[in-house]
Amino acid sequence: MTLSVAVSGASGYAGGEILRLLAAHPDVEIRTVTAHSSAGQPLVAHQPHLRSLAHLELQATTPEVLAGHDVVVLALPHGQSAQYTDALADTPLVIDAGADHRLTSPEDWATFYGGDHPEPWAYGVPELTVGGVKQREHLRGATRIAAPGCNASTVALSLAPGVAAGVIDPGDIVSVLAVGPSGAGKAAKTNLLASEILGSANPYAVGGTHRHIPEIRQALVAAGAPADGIRISFTPVLVPMSRGILATSTAPIRGEVTDAEIRAAWEAAYADEPFVELLPAGVFPRTADVLGANIASLGLAIDRGANRVIVVAAVDNLVKGTAGAAVQSMNIALGLDEATALPLNGVAP
């Protein structure tokens, strides 16, 4: 059976990437694409690379247009998805690629976003450990899915195995991320102009203000960290590459564990995961190697001089960071092959 899909925010980066992946999915038909200010225009006027979808026209993003599909994907700016959820009550599966339904804590929502706290949905990172099982098990049969924040899932995937195995101390995490500007969306902003970012690296949301911090804490608590035992210093840096995240995360080694025991924690966590790879000892990922792929590529080092574990993670923020995670979670929820329409191979050079 072919499932009908509507994608809102189809003129943006996340919406465009979701459409690129779904265009190759044998079990779905992309029937409706919506936008706000660009409604009435051809999709290819905003996504010229999506040639197979040239027949589609952007419609207005309204509950009436989105209703009546098997799957609705909300690729909207933060704070705009929740307004549609009541109207889509009869839709079998709704996936939110924004932040509205990620956080379980009303206090965290009030601190980092403000306004009414929307209902939390099943978190769309299948490989994370939650209560001793993979989040994949909580996605089976789900009808509402919150796709992750790209920075948050990258850091969580980096550190969750060590937290779950008890080999690192989550009370002193430091994460520094090099991030491409596509993660900030397609809206024109002065600080994202080529003349502002080319030849420069620019930190932002410094000092514990980034909205992905509570999402990281939430994932690490689910992996087994005590809720009051997590401290994380999180610093993203905007760099001149259109896509990609390179996250370097460190945490103290806990107890008298050996190097082999530390590495074994990550090996055990991801040995059977098709979309998370742990590179051989001494090898570290590059963002270029995951471009276009639904892969989180991890390199692990053990610094005995500093008594810390270092995990370097590379993802394509628009694929494994957002659209790929959404499609992967969709596949699981619908009982389809998890890997359907998701690329393992990247694009080089």
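Remember, it's a predicted structure, so these values are computed and weren't measured experimentally.
- Nearest heavy atoms, Glu127 versus Lys134: O-CD, 3.1 Å.
- Between the CD1 atom in Ile168 and the CD1 atom in Ile302 there is a gap of 11.5 Å [rounded to 0.5 Å].
- Side-chain contacts under 4.5 Å among hydrophobic residues (ILVMFWY), followed directly or transitively, place Val44 with no other residue at all.
- No chain of hydrophobic side-chain contacts below 4.5 Å, direct or via other Ile, Leu, Val, Met, Phe, Trp or Tyr residues, connects Leu128 to Val327.
- Thr143 places no side-chain N or O within 3.5 Å of a backbone atom of Pro92 that could act as its donor or acceptor partner.
- Linking Ile, Leu, Val, Met, Phe, Trp and Tyr whenever their side-chain heavy atoms come within less than 4.5 Å leaves Val174 and Val312 in two separate clusters.
- With a 4.5 Å cut-off on side-chain heavy atoms, Leu53 and Ile30 count as touching.
- Looking at Leu177 and Val155, their side chains come closer than 4.5 Å, going by heavy atoms from C-beta outward.
- A salt bridge between Glu17 and Arg20 is present, with a side-chain N of the basic residue lying under 4.0 Å from a carboxylate O of the acidic one.
- By the neighbour-count criterion of 12 heavy atoms within 6.0 Å, atom CZ of Arg51 is sparsely surrounded, having that number or fewer from other residues, nucleotides or ligands.
- Neither side chain, Gln218 nor Ser105, offers a donor N or O lying under 3.5 Å from an acceptor on the other.
- Closest non-hydrogen pair, Asn191 versus Leu238, comes out as O-CD2, 4.1 Å.
- Counting only residues at least two apart or on different chains, the salt bridge (charged side-chain N to carboxylate O under 4.0 Å, His left out) pairs with a member in residues 149-169 are Asp169-Arg254.
- With a 4.5 Å cut-off between side-chain heavy atoms of Ile, Leu, Val, Met, Phe, Trp and Tyr, the cluster of Tyr84 takes in Leu66, Val72, Leu74, Leu76, Leu88, Val94, Trp121.
- With contacts defined as side-chain heavy-atom distances shorter than 4.5 Å, the pair Cys150/Val315 does not qualify.
- A donor and an acceptor atom, one from each side chain of Ser297 and Glu277, are located under 3.5 Å apart.
- One hydrophobic cluster, built from ILVMFWY side chains closer than 4.5 Å, holds both Val179 and Leu192.
- A continuous path of hydrophobic side-chain contacts links Val125 to Val221 [ILVMFWY only; heavy atoms under 4.5 Å].
- Within the 4.5 Å cutoff, the side chain of Val167 has no heavy atoms near those of the Ile253 side chain.
- How far OG of Ser153 is from CD1 of Ile245: 7.0 Å, rounded to the nearest 0.5 Å.
- Between atom CD1 of residue Ile145 and atom OG of residue Ser329 there is a gap of 5.0 Å, rounded to the nearest 0.5 Å.
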| request: Report the C-alpha distance between Leu3 and His25 in whole Å, list the side-chain angles of each, state the deciding distance to 0.1 Å, and finish with yes or no for side chain to side chain contact (heavy atoms under 4.5 Å, CB included). | output: CA-CA 10 Å; Leu3 302 168; His25 200 299; over 6 Å; no

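- One distance of note links CG of Leu21 with CG of Asn294; it measures 7.5 Å at 0.5 Å rounding.
- In this structure, Arg102 contributes its side chain and Ala146 its backbone to no donor-acceptor pair below 3.5 Å.
- The shortest heavy-atom contact between Ala152 and Tyr123 is CB-OH, 4.3 Å.
- The backbone N or O of Gly244 sits nowhere less than 3.5 Å from a side-chain atom of Asp316 that would complete a donor-acceptor pair.
- For the pair Ser8 (side chain) and Val73 (backbone), a donor-acceptor distance under 3.5 Å is present.
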| message | Run the side chain to side chain contact (heavy atoms under 4.5 Å, CB included) test on Val71 and Leu334 for me, step by step, so that the C-alpha distance in whole Å, both residues' side-chain angles and the decisive distance to 0.1 Å come before the verdict. | response | CA-CA 10 Å; Val71 180; Leu334 296 172; 4.2 Å; yes

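- Listed here is the closest heavy atom pair of Asn151 and Phe234: CB-CZ, 3.8 Å.
- Residue pairs meeting the side-chain hydrogen bond (donor to acceptor under 3.5 Å, both in side chains) criterion with at least one partner in residues 335-349, sequence neighbours excluded, are Arg136-Glu338, Gln328-Glu338.
- Residues Phe112 and His212 are not in side-chain contact: their nearest non-hydrogen atoms beyond the backbone lie 4.5 Å or more apart.
- Residue Ile332 is not grouped with residue Val130 when hydrophobic side chains (ILVMFWY) are merged at heavy-atom distances under 4.5 angstrom, including chains of intermediate members.
- The shortest distance between side-chain heavy atoms of Thr85 and Pro118 does not fall below 4.5 Å.
- A donor-acceptor pair is defined here as one N or O able to donate and one able to accept, closer than 3.5 Å; such a pair exists between the side chain of Glu261 and the backbone of Thr258.
- Contact of the Leu220 side chain with the Ile173 side chain is registered, since non-hydrogen atoms from C-beta on lie closer than 4.5 Å.
- Nearest heavy-atom pair, His138 versus Ala122, reported as atom, atom and distance to 0.1 Å: O-CB, 4.2 Å.
- Of the candidates Leu56, Val33, Val5, Leu19 forms a side-chain contact (heavy atoms from CB on, under 4.5 Å) with just one, namely Val33.
- Ala14 and Leu318 make their closest contact through N-CD2, 4.4 Å (heavy atoms, listed as atom of the first residue, atom of the second, distance).
- To the nearest 0.5 Å, atom CD1 of residue Ile230 and atom CG of residue Asp172 are 12.5 Å apart.
- At least one donor-acceptor pair closer than 3.5 Å links the side chain of His78 to the backbone N or O of Ala99.
- With respect to the salt-bridge test (charged N to carboxylate O, under 4.0 angstrom), the residues Arg144 and Glu119 do not qualify.
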| task | List the steps, then state whether side chain to side chain contact (heavy atoms under 4.5 Å, CB included) holds for Trp109 with Asp116. | result | CA-CA 8 Å; Trp109 180 265; Asp116 294 334; 5.9 Å; no

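- Cluster partners of Val283, using a side-chain heavy-atom cutoff of under 4.5 Å among ILVMFWY residues and allowing indirect links, are Leu279.
- Checking side-chain atoms of His117 against main-chain N and O of Leu103 turns up a donor-acceptor pair under 3.5 Å.
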| field | Chi angles and distances behind the side chain to side chain contact (heavy atoms under 4.5 Å, CB included) call for Ile295, Lys320 | value | CA-CA 6 Å; Ile295 291 290; Lys320 185 56 176 166; 5.8 Å; no

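- Atom CD of Gln41 and atom CG of Leu58 lie 7.0 Å apart (nearest 0.5 Å).
- A donor-acceptor pair under 3.5 Å is absent between the side-chain atoms of Trp266 and the main chain of Gly162, judged by distance alone.
- Looking only at side-chain heavy atoms (C-beta outward), Ile213 and Arg217 come within less than 4.5 Å of each other.
- Without hydrogens or angle criteria, Asp100 side chain to Ser81 main chain gives a donor-acceptor distance under 3.5 Å.
- Within the structure, the side-chain hydrogen bond (donor to acceptor under 3.5 Å, both in side chains) test picks out the following pairs touching residues 66-76 (sequence neighbours left out): Ser4-Asp70, Thr32-His69.
- A donor-acceptor contact shorter than 3.5 Å links the side chain of Gln47 to the backbone of Gly12.
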